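Below you'll find the structure, written out as structure tokens, and then a few comments.
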Amino acid sequence: MKGHFKLLLTAGLIVAALCFTVSPGNAQADVIETPAPATNIKQINAGNVLTDYTQKKLNAVDNQSPIANMDRKYNQTTIDPTSTNPGDTFSTINGSTSSNSFKTKWYLPDGFNVTNYQHGNFQSVAVDDAGNVYFVESNGSDTNLGVIIKFNIAKLQQLGADKDVMALWNAFNYFNPYTDEGVAHNQQYENDYQQMKGPFDQIKLLNQSLDQEKSSMNTVLNNEKNAKKWAKHWQKRAQKADKPAKAKLAKWQAAYKTARQKITGYQKLIKQTSAKIAGYEKQVSTVKQQDPQLFKYADIAQAAQISPQVDIGHGQTLTFNPQNKHLYMVEDNTLTDLRNRDENNTVLELDPETMNPIRQYNFKMFHGDSANLQLHTLAFDKDGNAYWGRKNGMGYMFFFGRLDEHSVHFQASPSYVKTRGSSPNQGTSANPANDRLYFVSDDILTSIPTGEIRDGSFTPSDIHYSVFNSKKEWESLSFDQNGRGYLLALWPAQLMTSTGELD
């Protein structure tokens with residue numbers, strides 16, 4: 001049995017389609033609006049890009065970090081689809097340098113219906129400077145594959161998702177083609193779509209006509225404005241019995257009259273076309289009113305833009321570079337450093353408009369006589385400076401440099417944090433509002449000014465802490481332009497936002 005989940009674009013009610021093969025257990029979702037599989041990606045082979053350093057020459061900043069979740073033991077809960085699931089709130093505790101809270105914005109679904117590997121395993125969140133949020137959905141640790149999902153936050157807000165923490169969970173689980181219920185819902189949508197297909201086609205054609213009519217009228221409006229201007233100009237001279245001026249005046253008055261007649265005609269035509277569109281939209285609305293819940297979830301689901309399936313590595317490094325407006329992801333397929341000096345770090349650069357890869361960077365980072373360091377974190381500040389960090393004993397050290405189409409190079413910060421407050425190295429993130437770099441670990445965010453990282457001048461008082469007691473696994477952190485934090489936590493997978501700007 002085969003069903004087709006066809007989703008509606010708000011602008012012009014143009015149809016986009018999600019086609020599902022809906023046999024439970026082996027269903028395959030093909031998103032028509034998704035870019036084709038990436039091929040012929042431009043390769044940047046940069047060689048060794050690390051300026052080597054000597055550990056003994058680094059300055060250990062003797063900070064007194066508060067201690068958060070060191071044992072990697074988590075309180076895992078599940079979503080109850082029969083209850084309201086109001087969401088979580090986690091507030092800072094003693095040891096924090098300022099007070100703040102994280103609240104659940106959305107619970108994330110079992111998956112975005114791309115493959116049957118989906119199991120709610122989301123690894124990264126990134127926020128750009130245009131109000132879009134991106135998630136990395138992993139197929140699982142044995143595959144190193146996944147997809148990137150993009151949502152416009154304002155669009156989801158228009159659809160009411162800002163008032164419902166279950167909005168995304170409900171929408172994608174409702175149409176999940178790997179469950180019997182999802183199959184039935186997709187089939188119901190197919191049935192409804194067949195009733196709307198005729199009106200859809202007419203709406204699309206009429207909107208094209210309407211656009212042309214409006215464009216033509218705008219041209220005539222400009223002609224009218226020009227004719228009026230020149231008629232006024234020649235009228236003054238015509239009053240002096242200037243025959244050539246009178247002829248010019250008559251010419252522009254006639255042009256003005258002709259333009260006014262055309263405008264009246266276009267206004268009538270636009271009104272008629274708009275009325276026809278409204279009539280077909282009413283037919284669509286009548287069908288949608290038969291099952292408002294189905295179409296509510298369809299509208300939310302269609303707000304997603306999904307990338308081709310790509311190598312995501314560990315998956316926790318998706319980040320946005322404000323300078324060139326591109327996304328970057330490290331394809332770190334091992335959790336250690338590279339095994340030898342012949343292997344490369346690989347970083348994928350993507351266009352957030354098309355969600356297609358555009359470049360892959362291949363480079364080595366030699367340290368000492370034998371080591372080849374591997375990226376497991378990555379962040380960009382507002383000036384396009386790139387940062388990454390790694391554990392250093394019981395502390396944490398940073399690297400900075402560039403990673404873009406112009407240059408690839410890194411060097412160690414002259415100073416490192418002597419004591420970190422939690423065990424795992426979950427990621428780094430730059431806050432554009434306060435120009436601080438955060439390293440993320442379970443239940444603690446530790447931040448330092450980016451300038452002091454680059455010159456190594458930070459002191460214990462420059463290090464800020466936001467400490468929590470959520471007992472959740474903290475996967476990733478990103479920021480909007482106002483400094484509000486977007487935190488991805490497991491389990492269940494949820495996106496949380498800070499109540500204020502993070503310190």
Side-chain angles (χ1 to χ4, degrees), residues 55 58-77 88-104 121-125 138 141 314-317 332 334-337 373-379 387-399 413 415-429 431 436-448 453 458-478 485-494 496 498 502-503:
Q55 178 69 34
L58 300 182
N59 172 45
V61 178
D62 194 7
N63 64 312
Q64 300 298 314
S65 175
I67 302 302
N69 184 357
M70 275 288 189
D71 60 13
R72 300 197 183 201
K73 294 181 180 179
Y74 309 110
N75 293 334
Q76 298 186 14
T77 56
D88 294 318
T89 299
F90 304 126
S91 298
T92 48
I93 60 175
N94 289 340
S96 302
T97 52
S98 65
S99 61
N100 217 313
S101 296
F102 277 106
K103 293 186 176 182
T104 304
N121 187 11
F122 297 91
Q123 291 291 306
S124 279
V125 63
S138 170
S141 57
H314 190 210
Q316 288 186 252
T317 57
D332 54 337
T334 66
L335 298 182
T336 61
D337 284 331
L373 306 186
Q374 179 163 18
L375 289 175
H376 296 297
T377 66
L378 183 64
Y387 303 86
W388 63 278
R390 62 189 276 134
K391 292 188 286 188
N392 188 354
M394 291 305 297
Y396 200 84
M397 67 180 295
F398 303 94
F399 298 80
S413 170
S415 296
Y416 68 93
V417 176
K418 187 176 181 180
T419 305
R420 68 180 188 278
S422 186
S423 177
N425 180 21
Q426 299 284 38
T428 55
S429 182
N431 185 341
R436 297 178 72 87
L437 185 71
Y438 296 69
F439 67 90
V440 182
S441 196
D442 290 334
D443 271 339
I444 185 168
L445 306 173
T446 307
S447 73
I448 303 171
I453 288 175
F458 64 89
T459 65
S461 62
D462 294 314
I463 306 174
H464 295 176
Y465 309 94
S466 296
V467 195
F468 300 81
N469 188 32
S470 71
K471 293 297 182 182
K472 298 292 184 182
E473 183 175 5
W474 288 23
E475 291 288 346
S476 177
L477 177 71
S478 190
Y486 286 70
L487 175 71
L488 177 63
L490 301 177
W491 297 79
Q494 59 181 306
M496 310 187 81
S498 63
L502 283 176
D503 183 27

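Every value quoted in this text rests on a predicted model; they were computed, and no experiment measured them.
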Gap separating the [atom1] atom of [X] from the [atom2] atom of [Y], nearest 0.5 angstrom:
{"X": "F102", "Y": "K472", "atom1": "CZ", "atom2": "NZ", "value": "15.0 Å"}
{"X": "L58", "Y": "S415", "atom1": "CG", "atom2": "OG", "value": "8.0 Å"}
{"X": "Q316", "Y": "L477", "atom1": "CD", "atom2": "CG", "value": "12.0 Å"}
{"X": "Y416", "Y": "R390", "atom1": "OH", "atom2": "CZ", "value": "13.0 Å"}
{"X": "F122", "Y": "S476", "atom1": "CZ", "atom2": "OG", "value": "13.0 Å"}
{"X": "W388", "Y": "L373", "atom1": "CH2", "atom2": "CG", "value": "5.0 Å"}

Tell me, with the steps shown, if T446 and R420 meet side-chain contact (heavy atoms from CB on, under 4.5 Å). CA-CA 8 Å; T446 307; R420 68 180 188 278; over 6 Å; no

Given the options K73, K471, Q426, R72, D442 meets side chain to side chain donor-acceptor pair (under 3.5 Å) only with Q426

Of the options T334, T336, D337, which is the one that meets Q374 in a side chain to side chain donor-acceptor pair (under 3.5 Å)?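 Answer to the side chain to side chain donor-acceptor pair (under 3.5 Å) test with Q374 among T334, T336, D337: T334.
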
State, to 0.1 Å, how close [X] and [Y] come at their nearest heavy-atom pair, and which atoms those are.
{"X": "Y465", "Y": "G95", "value": "CB-O, 3.9 Å"}
{"X": "I444", "Y": "A68", "value": "CB-CB, 3.7 Å"}
{"X": "V61", "Y": "T459", "value": "CG1-C, 3.8 Å"}
{"X": "P492", "Y": "T77", "value": "CD-OG1, 3.1 Å"}
{"X": "P66", "Y": "V467", "value": "CG-CG2, 3.4 Å"}
{"X": "S478", "Y": "S429", "value": "CA-OG, 3.6 Å"}

Are [X] and [Y] close enough that some pair of their side-chain heavy atoms sits under 4.5 Å apart?
{"X": "Y74", "Y": "L490", "value": "no"}
{"X": "I463", "Y": "I448", "value": "yes"}
{"X": "N392", "Y": "Q55", "value": "yes"}
{"X": "H314", "Y": "L335", "value": "yes"}
{"X": "V417", "Y": "F458", "value": "yes"}

D332/L375 under side-chain contact (heavy atoms from CB on, under 4.5 Å): CA gap, chis, key distance, verdict: CA-CA 7 Å; D332 54 337; L375 289 175; 5.9 Å; no

Got a donor-acceptor contact below 3.5 angstrom from the S124 side chain to the G315 backbone?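 The answer is yes, because a donor-acceptor pair under 3.5 Å joins these two groups.
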
Give a yes or no answer on whether the side chain of T428 reaches the backbone of T377 with a donor-acceptor pair at less than 3.5 Å. no

Any side-chain donor paired with an acceptor under 3.5 Å for [X] and [Y]?
{"X": "T92", "Y": "N100", "answer": "no"}
{"X": "D503", "Y": "T97", "answer": "yes"}
{"X": "Q494", "Y": "T104", "answer": "yes"}

Heavy atoms of other groups near K103 NZ, more than 12 under 6.0 Å: no

More than 12 heavy atoms of other residues, nucleotides or ligands under 6.0 Å from CG of D71: is that the case? yes

After noting the C-alpha distance and the side-chain angles of W474 and D443, does the key distance pass the side-chain contact (heavy atoms from CB on, under 4.5 Å) rule? CA-CA 7 Å; W474 288 23; D443 271 339; 3.4 Å; yes

Sub-6.0 Å ring centroid separation between F439 and Y396: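 When the ring centroids of F439 and Y396 are compared, they turn out to be within the sub-6.0 Å range.
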
